[in-house]
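These values consider heavy atoms only, across backbone and side chains, with no hydrogens, waters or symmetry-generated copies. The sequence lines fix the lettering, A, B, ..., with proteins before strands; numbering per chain opens at 1.
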Amino acid sequence: MTSPIRLAIIGCGAMSELGHLPALRNTDAIAATVLIDTDGARASALAAKFGIAHHSTDLADAARYAEAACVVVPHHVHADVATRLIDAGLHILIEKPLAIRLEDCDAIIAAAERRRVVLAVAMVRRFARTTRLLKNLIEQRTFGAARTFRLVSGVSGTWPTKSAYALDAAQSGGGVLMVNGVHDLDLLAALFDHPVPESLVFCADADFGRHGLLESDATLRMTTLSGTTGEVELSRTRDLANGLTIEFERAHVHAPLFGDELTVTLPEGAPMRWSGRIDEPGSTNRQDFNAMLTTQLDDFAAAISGKKRPEVDGREGRRVIETVTRCYADVRPLDLPWRQPVAVPEAA
Amino acid sequence: MTLHGKTAFVTGGTGFIGGRLIEVLTAQYGMRVRALVRNNHATPGSYRIAGCGAEIFQGDICDPQRMKQGIAGCDFVFHCAFGNSGDTKRDQLTTVGGTQTVAGAAGANSVQHFVNLSTMVVFGDAPETADESFIPNKLWKWPYPHQKREAEAAVAAEYVRSGLPVTTLRLGTVYGPWGAAFTYGPLAALKRGRVVLVENGAGISNAVYVDDVVQAIVLAARRKGPGPELCLIRGPDQVTWRQFYEAYETMAGTDSLVDMTLDEVRADARRNARAALRDALPGALGALKRDPEFKKIASQLPFVSEGWKAYRRRRGVSPSVMGVAARAPAEAQTDMRPLIAVPEMMWGAYASRTEFRIDHAREVLGYQPMFDLARGMAITRAWAEWAGLIGPA
C-alpha cells in the first residue's frame, strides 16, 4: 500500500474547518500534514483539533512538509499564493474561483504548465451523483434532447467566515455570481457545455459603484454551446428551491442541488411521476457535502498519481471566469419594487 | 442640513430598518456609510449592505474605544441596534450599555446629528390617544420596553453632557421587506398554525411601513432646531391588529386567525402549562423512580407509593386537549393545528387601544407618511413572493 500524498492546507478559515479537513478523514489517498495561515493561533488551533502534525504562518513551509496544497484563501490572493506554491513544485487543488481576473487565471495556468504540476479547481458539484446521472441522461438522450433548463440556487444562512473578504468587492471579485454562482455555471458547463458569450443576459440587485459589484441576488439567461437555453436564479439572501430542472423532449427531470434524489415527470398524454434516490454500487450511504469533498480529494490524488486528469482543470476553471467577466461587463438591474427611492419631503 | 456626500455611522445596519436605511443613504444621498457589525460572518444582512457599498466595521458596541474609532470622521450617527438575543442580561448590555457607548462616542466626535430609534411600547398602558407628552405610569412586564427607556435616557444624558444634537424616534409596529418580528414572524406563524388575535384583534397596531420610518430618520437627521427632540412615528392610517394580521392571512392564503379575549388567552395559556406539566411529569417521575437513592428513601415513606398509584389512575382519564381555544369557532375546535399566541408579557401591548398621534413629527420634522396599510402590504406581498415565503398570487 502506497503512503498517502502529503497535503498542505493553505488558509484556515471556515471552509477548511467545516469542509476540507473533515473530508480528509475519509480518504487514505491524501492526508493533511501542515496547516498554514497568516493567523498563527488559528492554524495552531485547527492543527490541534484535527491532529495535524505541523502548522505555520510561512507559505514556504508548505513545500517542507507536503507535495500538494489545497488553497483556501480569499479570492484576491489566489494568483499570488497559487503561483508561489506551484513555483515551489507543489500540485494544487484551488478553491473556486480559480482567480477573479482572467490574467490571474492565465498566470496560474501558465505556472502549472511550466512546472508540470497538477492544477485542479474545486468545483464540488461535479462529484454529485445527480450530476453524473444527469450527464449520462443528456449524453445518451434517454428522454430525447435537452431543450431547456432552470437552475435555482439560493441559501440565506450564515457562513461563519473568519475574514470579511466576501463583503469586500476588491477581495471577493464580485457577489453571488463570483462567490456561489461559479458552482452553478460549472455544473451547467459539465452538463451542457459553456454558454454562448453573446447569449448572456445578467441582471443583479446592485451595480458598480465606487465599491465594485457585490450583488446578492441575480438572474442569468443563456444559451449553451450545445444549444440548450435556460435561466439561472441566484441568491445569498433567500432560501430558494435549490434544484435543476431539465426539460427533455420526452420528460422533465428535476434534481436537487444538495441531495441524491431525482424526479422524472412524463409529459401530458402519459402523465407519470417517479422519484427516487440514486445509489452507487458498493455504497449505500447518502452522499452529503462532506462525501462529495472526499471524492474531490480522491480525484485530485488520482490526478497527482498520473491515473487521470483532474475533473476540473485550470482551463475549465478559467472558462467559468470568462462567463462571470462577461456578465459583470453588462449588468442590468433586477426589477425590485421594494427598492424604489423613498420620497422625503422638504424639512419642516 | 444636507446629507448628500456626507458620512454616516450606522448601528444595526444588518437588520431590517438599518438595512433599508443604508440602501437609501447610499443610493439616494450618495453617503459614505460605515456599518457596525458584531463579527465577520457572512449573513444575508451583511451581504445586503455590502452590496450598497457600506464599509463593514467590525466591533463590539460596548467598546468605547472601538466606537470612537468607528464614528471618527462621521457626520451622522444612526443608531438602530438593540439587543435581540432573548437573554435579558445580554440584551440589557447591548441595548442600554451599547446606546450609552455609541452616544458617548458620537458626543466625543461632535457629530452633526444622532438619530436614536426607540419604540412606542415604552409608553406601556396609555389612554385611547396619546402623544409625546404622555408620561407612562404602567409599563409592560417585558424587558424590551424597559431597556429602550433606559437607552433613551442615556441619549438624553449625552445631550446634557456634550450638547450632542439628538432626535429619538419612537416607532410603531414596523413592517415591510426583510422585517423580522412583523413580517417574517406573522407569515411563519400563519404557516405553522392558528394565530391568536388577542382581544379579538381590536387593539391598535400603530403599523408603519419601513420606508416611512426611513423618511422620518432622514428628516430627523436634517432637523436644524435646537435641543433634543422626541417624535412618534406610525403610518398614515389607524390599523387594528386584526387588519394587520388579516393582510398577512390573505397573503399566505390561509384561514388561520382565531379571535380570543384576554381572559380566553389567559385560560388557554394555563391549560397549555398544565398539559405541558402533565406530559413532562411521567418522564421526570420515572427518572426519579430509577434513582437508587430515591428508591431507598421512598420505600420508607408509604404515602409516596400511594400517591404514585393515584397519579397513574388520574392520568388515564384526563387527556390533554392542548391548543384548542375555549370559544374558538366551531370549525376551529376540530382544527388540530397548534394555537400560536404572543408571550404573556406582550398581551398588554397587543390589547392596547392607544392610537399614538404623530402631529409633532409632522410639525417638527415635516413627516408625511405615504404608505397606508394597503400600499405597504402590496409591496410586502411582492417581496414575500420573491423571497419564497408565499406562493404566487
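- Distance check, rounded to the nearest 0.5 Å: SG of B:C52 to CZ of A:R339 gives 5.5 Å.
- Of all the heavy atoms in B:R20 and A:Q340, the pair that sits closest is NH2-O, 2.6 Å.
- The shortest non-hydrogen separation linking A:P345 to B:L219 is O-CD2, 3.3 Å.
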**OP:** Determine, stepwise, if the pair A:V176 / B:Y47 fulfils side chain to side chain contact (heavy atoms under 4.5 Å, CB included).
**Re:** CA-CA 9 Å; A:V176 68; B:Y47 284 137; over 6 Å; no
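- In this structure, the separation between CG on A:D205 and CD on B:E23 is 8.5 Å, given to the nearest 0.5 Å.
- Taking CG of A:D239 as the reference point, atom CG of B:L389 lies at 9.0 Å (rounded to 0.5 Å).
- Separation of atoms CD1 (B:I49) and CG (A:L214) is listed at 11.0 Å; rounding is to 0.5 Å.
- Close placement of the A:W338 and B:W386 rings is indicated, their centers lying within 6.0 Å of each other.
- Side-chain contact between B:V24 and A:P341 is absent, with no heavy-atom pair separated by less than 4.5 Å.
- Only the side chain of B:Q28 comes within contact range of chain A, judged by heavy atoms closer than 4.5 Å.
- Expressed to the nearest 0.5 Å, how far CZ of B:R48 lies from CZ of A:R236 amounts to 13.5 Å.
- Using a 4.5 Å cut-off between heavy atoms, B:A42 contacts chain A through both its backbone and its side chain.
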Original post:
After noting the C-alpha distance and the side-chain angles of B:M370 and A:V342, does the key distance pass the side chain to side chain contact (heavy atoms under 4.5 Å, CB included) rule?
Top reply: CA-CA 10 Å; B:M370 314 240 176; A:V342 170; over 6 Å; no
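- For A:S216, the part lying under 4.5 angstrom from a heavy atom of chain B is the side chain only.
- Separation of atoms CD (B:E55) and CG (A:D168) is listed at 10.0 Å; rounding is to 0.5 Å.
- Listed by chain and residue number, B:D131 satisfy the side-chain contact (heavy atoms from CB on, under 4.5 Å) test with B:S133 (two or more places apart in sequence, or in another chain).
- Within a 6.0 Å sphere centred on CZ of A:R150, other residues, nucleotides and ligands contribute more than 12 heavy atoms.
- B:Y29 touches chain A through its side chain: at least one heavy atom from C-beta onward sits under 4.5 Å away, while N, CA, C and O do not.
- Contacts with chain A were tallied for B:A216, B:A387, B:P44, B:A27; B:P44 has the most, counting heavy-atom pairs under 4.5 Å.
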